[in-house]
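In what follows, chains are A, B, ... by sequence order, proteins preceding strands, each numbered from 1.
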Amino acid sequence: MKLIEAIIKPFKLDEVKDALNEIGIEGITVCEVKGFGRQKGHTELYRGAEYVVDFIPKVKLEIAVADELVAKVVETIENTAKTGRIGDGKIFILPLDEAVRIRTGEKGTEAI
Amino acid sequence: MKLIEAIIKPFKLDEVKDALNEIGIEGITVCEVKGFGRQKGHTELYRGAEYVVDFIPKVKLEIAVADELVAKVVETIENTAKTGRIGDGKIFILPLDEAVRIRTGEKGTEAI
Amino acid sequence: MKLIEAIIKPFKLDEVKDALNEIGIEGITVCEVKGFGRQKGHTELYRGAEYVVDFIPKVKLEIAVADELVAKVVETIENTAKTGRIGDGKIFILPLDEAVRIRTGEKGTEAI
Amino acid sequence: IHDILSRSRGAFVGLAIGDALGAPVEFMTSHEIRAKYGVLRDLVGGGWLRLKPGQVTDDTEMAFCIARALDARQGWDLKGIADNFAAWLRTKPVDVGDTCRRSIRNYMLKGMLETPFNQWDAGNGAAMRMAPVSLFTLGDDDLLSDCAVTQARLTHNHPLSDTACIYLGRLVHLAIQGRSKNRLRREVDRLVAEQPTFGFDTYRGLASGYVVDTMQTVFHHFFRTAGFEECVVATVNQGGDADTTGAIAGMLAGAYYGMEQVPRRWLKRLDPKVLDETTRLAERLLHLSPLFSGL
Ligand SMILES: Nc1ncnc2c1ncn2[C@@H]1O[C@H](COP(=O)(O)OP(=O)(O)O)[C@@H](O)[C@H]1O
Ligand SMILES: Nc1ncnc2c1ncn2[C@@H]1O[C@H](COP(=O)(O)OP(=O)(O)O)[C@@H](O)[C@H]1O
Ligand SMILES: Nc1ncnc2c1ncn2[C@@H]1O[C@H](COP(=O)(O)OP(=O)(O)O)[C@@H](O)[C@H]1O
Ligand SMILES: [Mg+2]
Ligand SMILES: [Mg+2]
């Protein structure tokens with residue numbers, strides 16, 4: 001099993017989720033993160049003062065998948081999250097030793 | 001060493017923390033996440049209100065532990081976080097190559 | 001490749017980012033987390049106020065790096081994030097099987 | 001000699017002008033540029049990097065790293081160039097290409113003066129720095145080939161990048177020495193014979209950072225236009241990696257048409273420090289060249 005971490009542009013979240021649902025992936029854990037990279041933040045007016053906000057809001061997805069689905073999931077995220085402009089984001093693949101579904105105690109690919 | 005990631009229902013956080021403290025685990029890093037699950041569009045009670053949105057607020061715990069404690073920690077989280085109802089969450093076990101305590105420079109199981 | 005996770009005191013973020021910049025590292029993903037540590041019930045100064053709550057705001061950095069850079073990156077974070085006081089945080093090193101730059105499809109160390 | 005100096009300056013100033021003109025429309029398509037500007041023909045600033053009007057980017061700044069190193073040593077100095085790249089990276093430049101960043105980091109942390117071959121290294125990041133190298137090696141084709149590739153390999157190791165650097169140098173040499181456009185065209189034909197993928201007879205408007213797209217865009221517009229302004233404007237309005245295609249077109253057109261053809265209004269709006277340094281270093285590098293010592 002692998003844990004796929006995808007850092008993407010926030011407006012792409014729904015599209016990526018739908019594309020994953022299309023290939024039978026439903027379980028995803030999402031959090032809002034701040035991205036630092038080649039794409040730079042900008043000045044923002046906040047409470048009347050100009051802020052140089054040097055981070056860009058991104059969304060991080062975590063998806064535990066069985067080994068045989070990894071390539072498909074990565075391809076799906078890549079194709080959907082891509083705009084071709086700087087800041088599209090990254091996909092990281094981490095080894096996952098074990099997974100447990102808390103509700104049932106199921107382990108392994110049954111759990112995800 | 002392993003990094004244990006647990007995605008649980010938010011109201012279970014204190015209970016899980018206490019149970020972990022009971023078995024000598026004190027160091028935990030927590031963040032608020034959004035969960036998308038196998039059951040889409042279901043209602044869940046969150047702070048007394050019923051949600052029909054497709055994401056559900058969850059809490060993610062990250063706990064670095066020595067190998068010999070993993071089984072105990074997983075069992076503890078499982079038993080405490082479980083309600084038996086949809087959405088109880090997941091436990092993921094990731095390999096952890098190294099850990100460092102920033103304050104002291106200690107490495108390995110000394111660091112966690 | 002490795003995924004370096006660093007949990008540090010929030011006020012150290014800019015300093016750590018600048019130090020990483022000095023060694024050519026620019027890409028970082030950051031999220032706000034809550035820390036529970038070995039020292040329970042201690043007070044910490046956060047935005048000028050003393051907290052006696054059992055969680056402390058921390059910041060979590062995720063940095064994907066090529067193997068040969070890991071030691072340097074860890075050393076840099078350690079030296080910069082350290083105050084010598086309780087709660088300085090942790091650095092975790094996780095194996096990273098693969099990385100993809102969504103914009104270009106580049107894989108491996110070219111992607112990060 | 002006056003013409004040679006004017007064309008040498010034209011090459012380096014042209015690089016900076018093309019960079020500053022194209023940077024505000026980098027990553028836009030030709031249609032988007034047309035919708036927003038009609039025809040972009042002024043140094044307007046803005047764009048994804050939020051530039052000031054007349055501000056240059058990494059294309060010019062990395063060329064400066066090379067020029068200053070050669071001027072300081074009064075000769076070739078690969079390590080000096082690498083040190084300048086590293087110092088530049090630490091100043092948090094307005095933009096740094098992915099390949100360049102990786103390679104400069106490897107120099108900083110591992111002292112590597114040549115990046116290993118990589119299939120992804122066929123970008124234009126080495127080619128865009130060729131102005132100072134061309135001036136320094138004026139009059140000696142073997143020296144050009146040697147310097148072009150060793151400086152390229154600081155960041156990019158790919159045969160397409162190597163070939164582009166060498167031929168850009170050759171074109172700048174021919175232009176500065178007053179050769180005709182037909183002669184330059186024959187040189188490009190030699191390049192295409194050697195590496196057919198650079199062929200641009202059926203130019204399809206691809207202007208990305210892939211060195212082949214970049215070179216095709218520059219050649220297409222250089223050989224279809226009849227003046228410095230016309231060439232650089234046409235090139236950047238193609239969009240894509242517009243600051244780099246603009247910089248390379250500016251270098252080539254500047255070398256061919258000379259300083260007199262660079263529009264006044266652009267010179268006035270270009271960052272004055274950049275104008276001063278490109279003008280001054282162009283002359284210093286020319287004086288170091290084999291051609292000059294032979295005069
Ligand atoms: N080495 C890295 N480790 C972790 N996250 C990264 C890394 N590099 C980039 N990121 C994340 O990816 C986002 C996009 O990166 P960026 O360099 O702006 O553009 P691109 O992905 O198009 O090359 C960043 O905002 C950050 O969240
Ligand atoms: N494959 C997965 N990868 C990552 N997180 C998941 C995955 N599947 C589920 N989750 C997380 O677990 C939560 C609960 O999952 P769900 O399918 O609703 O119920 P259950 O765990 O009871 O079967 C989700 O809201 C999501 O946060
Ligand atoms: N085993 C652990 N797993 C994950 N995070 C941890 C662990 N131990 C500590 N942390 C994180 O590190 C922070 C600092 O830990 P703490 O024990 O308070 O101090 P110190 O790191 O100085 O020894 C905590 O607030 C928490 O975010
Ligand atoms: Mg540029
Ligand atoms: Mg460019």
### Query
Counting heavy-atom pairs under 4.5 Å to chain A, which of C/Glu98, C/Glu106, C/Arg103 comes out on top?
C/Arg103
### Query
So how far is it from C/Leu96 CG to A/Lys90 NZ, rounded to the nearest 0.5 Å?
11.5 Å
### Query
Roughly how far, to the nearest 0.5 Å, is the CD1 atom of C/Ile25 from the CZ atom of A/Phe36?
14.5 Å
### Message
One thing to verify: whether A/Asp88 and C/Arg101 come together as a salt bridge, which I'm taking to mean a side-chain N less than 4.0 angstrom from a carboxylate O.
### Response
no
### Summary
Test side chain to side chain contact (heavy atoms under 4.5 Å, CB included), reference A/Phe92, set C/Val100, C/Ile112, C/Thr29, output is C/Ile112
### Message
At a 4.5 Å cut-off on heavy atoms, which part of A/Arg38 comes close to chain C: side chain, backbone, both, or neither?
### Response
both
### Task
Under 4.5 Å heavy-atom distance to chain A, tell me which part of C/Ile28 shows up: side chain, backbone, both or neither.
both
#### Entry: Test: A/Lys40 and C/Glu26 ion pair at under 4.0 Å
yes
### Message
Nearest 0.5 Å, please: how far is CD1 in C/Ile102 from CD in A/Glu78?
### Response
7.0 Å
### Message
Please rank A/Ala6, A/Gly37, A/Gly87, A/Gly35 by heavy-atom pairs under 4.5 Å with chain C and give me the top one.
### Response
A/Gly37
### Message
How close do A/Pro95 and C/Pro95 get, counting heavy atoms only, and between which atoms?
### Response
CD-O, 3.4 Å
### Message
How long is the straight-line distance from CD of A/Glu32 back to SG of C/Cys31, given to the nearest 0.5 Å?
### Response
10.5 Å
### Message
Measuring only between side-chain heavy atoms, which start at C-beta, is A/Ile7 closer than 4.5 Å to C/Glu62?
### Response
no
### Heavy-atom contact with chain C under 4.5 Å, split by part of A/Ile86
both
### Summary
Value for NZ (A/Lys34) from CG (C/Leu61), rounded to nearest 0.5 Å, stands at 11.0 Å
### Query
Relative to chain A, which segment of C/Ala99 carries a heavy atom at a distance below 4.5 Å: side chain, backbone, both, or neither?
both
### Part of A/Val74 within contact of chain C (heavy atom distance under 4.5 Å)
side chain
